[in-house]
Every structure is written in structure tokens, then in C-alpha cells.
Amino acid sequence: METRDLEEITKKASVLEKDRVLSNIQEISFVDYINQLMIDKNLEKSDIIRDSQIPRTYAYQIFQGSKQAGRDKVIQLAFAMKLDLDETNRFLTIAHHNHLYAKQQRDAIIIFAISKGYDLMQTNELLDEFHHELLGDFN
């Protein structure tokens, strides 16, 4: 079921229907979601890890769920998976982080990079040009 459909059902549910409607909502884990994205996009874990520039051991811990990815790590994974802006924001939501916000210059730079199809290196060059913290452990 699409998120919008579920939102409409939830909003329209009466007080008497709340138990039935709300108890049927299953929260998706970040690990399940990233695994589903890998299947949907025919991606290999090793390629994502390489392209995300996240240290291999740490990345595998994220994929296993033993480490929770910080916001920048989620964004790095999104670049490695070539997610569009909507997919990246959904990815951030599932990881319990804030969406990219265009009124924050660093986020706006990342939004620009995603919309132009930049890879992580190009994005970091742009972040550096505007004197912002890079995505990854390069500082």
C-alpha cells in the first residue's frame, strides 16, 4: 500500500476504528528497507559500500543493523545507490533523520547535487567550494 493511501485511511478513521487501523501499521526497519532497495535497483552491497566511501567494517555493521547510520552516512549510501531526491528523503525518514531542507545551504547543495546526478566526489567538491563539511571522513 502506498504511503499516501495509508495516510488517508489513517486520517479518515473514526475513533472506533483506531485500534484496527493503527494496529495494522508495521514499521519498516532501515535494514529491511535498504535490502529491498538493493533488490529493486539490482545493486550489490560491495558496490554500494565502495561508492559510499564508508569504511567497509562500519558499512557492514549498518547493513546488519548493529550500527545506526548517522544522517551523513545515510546520504552517502543514497548517493552510492543513485537515489533521487524523493527516495533520499524517504531513506532519511526510515533511518529516523530529517529530510534534506533547501533553506539550509549545505542541504541545498546536496539537493542540487542529487538533482544533477552528481556522485559523492563531485558533491564533496561542491560542498568544499562553499566551505561546508564534506560527506564522509575526509576532514
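Fair warning: this is a prediction, and the values are worked out from it, not measured in the lab. One is the number of the first residue; the rest follow in order along the sequence.
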Are the side chains of [Y] and [X] in contact, using a 4.5 Å heavy-atom criterion?
{"X": "Leu37", "Y": "Leu83", "value": "yes"}
{"X": "Met81", "Y": "Phe91", "value": "yes"}
{"X": "Ile114", "Y": "Ile75", "value": "no"}
{"X": "Leu77", "Y": "Phe30", "value": "yes"}
{"X": "Gln36", "Y": "Asp32", "value": "no"}
{"X": "Asp51", "Y": "Asp119", "value": "no"}

Give, for atom [atom1] of [X] and atom [atom2] of [Y], the distance between the pair rounded to the nearest 0.5 Å.
{"X": "Ile110", "Y": "Leu135", "atom1": "CD1", "atom2": "CG", "result": "4.5 Å"}
{"X": "Tyr118", "Y": "Asn124", "atom1": "OH", "atom2": "CG", "result": "13.0 Å"}
{"X": "Ile34", "Y": "Ile48", "atom1": "CD1", "atom2": "CD1", "result": "5.5 Å"}
{"X": "Arg106", "Y": "Glu133", "atom1": "CZ", "atom2": "CD", "result": "5.0 Å"}
{"X": "Leu120", "Y": "Gln53", "atom1": "CG", "atom2": "CD", "result": "4.5 Å"}
{"X": "Ile54", "Y": "Lys67", "atom1": "CD1", "atom2": "NZ", "result": "13.0 Å"}

Between the main-chain N or O of Ile49 and the side-chain N or O of Arg56, is there a donor-acceptor pair closer than 3.5 Å?
->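 No: the side chain of Arg56 does not pair with the backbone of Ile49.
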Hey, is the main chain of Asp84 close enough, under 3.5 Å, to the side chain of Glu87 for a donor-acceptor pair?
->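 Confirmed, Glu87 side chain pairs with Asp84 backbone.
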Whether over 12 other heavy atoms sit under 6.0 Å from [X] [atom1]:
{"X": "Tyr101", "atom1": "OH", "answer": "no"}
{"X": "Met121", "atom1": "CE", "answer": "no"}
{"X": "Lys41", "atom1": "NZ", "answer": "yes"}

Answer yes if Tyr58 and Tyr60 sit in the same cluster of Ile, Leu, Val, Met, Phe, Trp and Tyr residues linked by side chain heavy atoms under 4.5 Å apart, and no otherwise.
->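 Cluster IDs for Tyr58 and Tyr60 match.
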Does Ile28 share a hydrophobic cluster with Leu92, counting links as ILVMFWY side-chain heavy atoms below 4.5 Å and allowing steps through other members?
->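 Ile28 and Leu92: one cluster.
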If you compare all heavy atoms of [X] against all heavy atoms of [Y], which two are closest, and at what distance to 0.1 Å?
{"X": "Ala108", "Y": "Ala102", "value": "CB-O, 3.5 Å"}
{"X": "Lys73", "Y": "Ile62", "value": "CB-CD1, 4.4 Å"}
{"X": "Ala80", "Y": "Ser52", "value": "CB-N, 3.5 Å"}
{"X": "Ile109", "Y": "Phe130", "value": "CD1-CB, 3.6 Å"}

Does the side chain of Gln76 pick up a donor-acceptor pair with the side chain of Asp72 at under 3.5 Å?
->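 No, because no side-chain N or O of Gln76 sits under 3.5 Å from a partner of the opposite role on Asp72.
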Taking it one step at a time, do Gln64 and Val31 satisfy side chain to side chain contact (heavy atoms under 4.5 Å, CB included)?
-> CA-CA 7 Å; Gln64 294 167 351; Val31 172; over 6 Å; no
Between Glu44 and Arg50, is there a side-chain N and carboxylate O pair less than 4.0 Å apart?
->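 A salt bridge is absent here (no side-chain N lies under 4.0 Å from a carboxylate O).
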Check ion pair Arg71-Asp107 (N to O, under 4.0 angstrom) |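 Yes.
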Take Gln122 and Phe79, measure what side chain to side chain contact (heavy atoms under 4.5 Å, CB included) needs, and give me the verdict at the end.
-> CA-CA 11 Å; Gln122 292 169 306; Phe79 271 103; over 6 Å; no
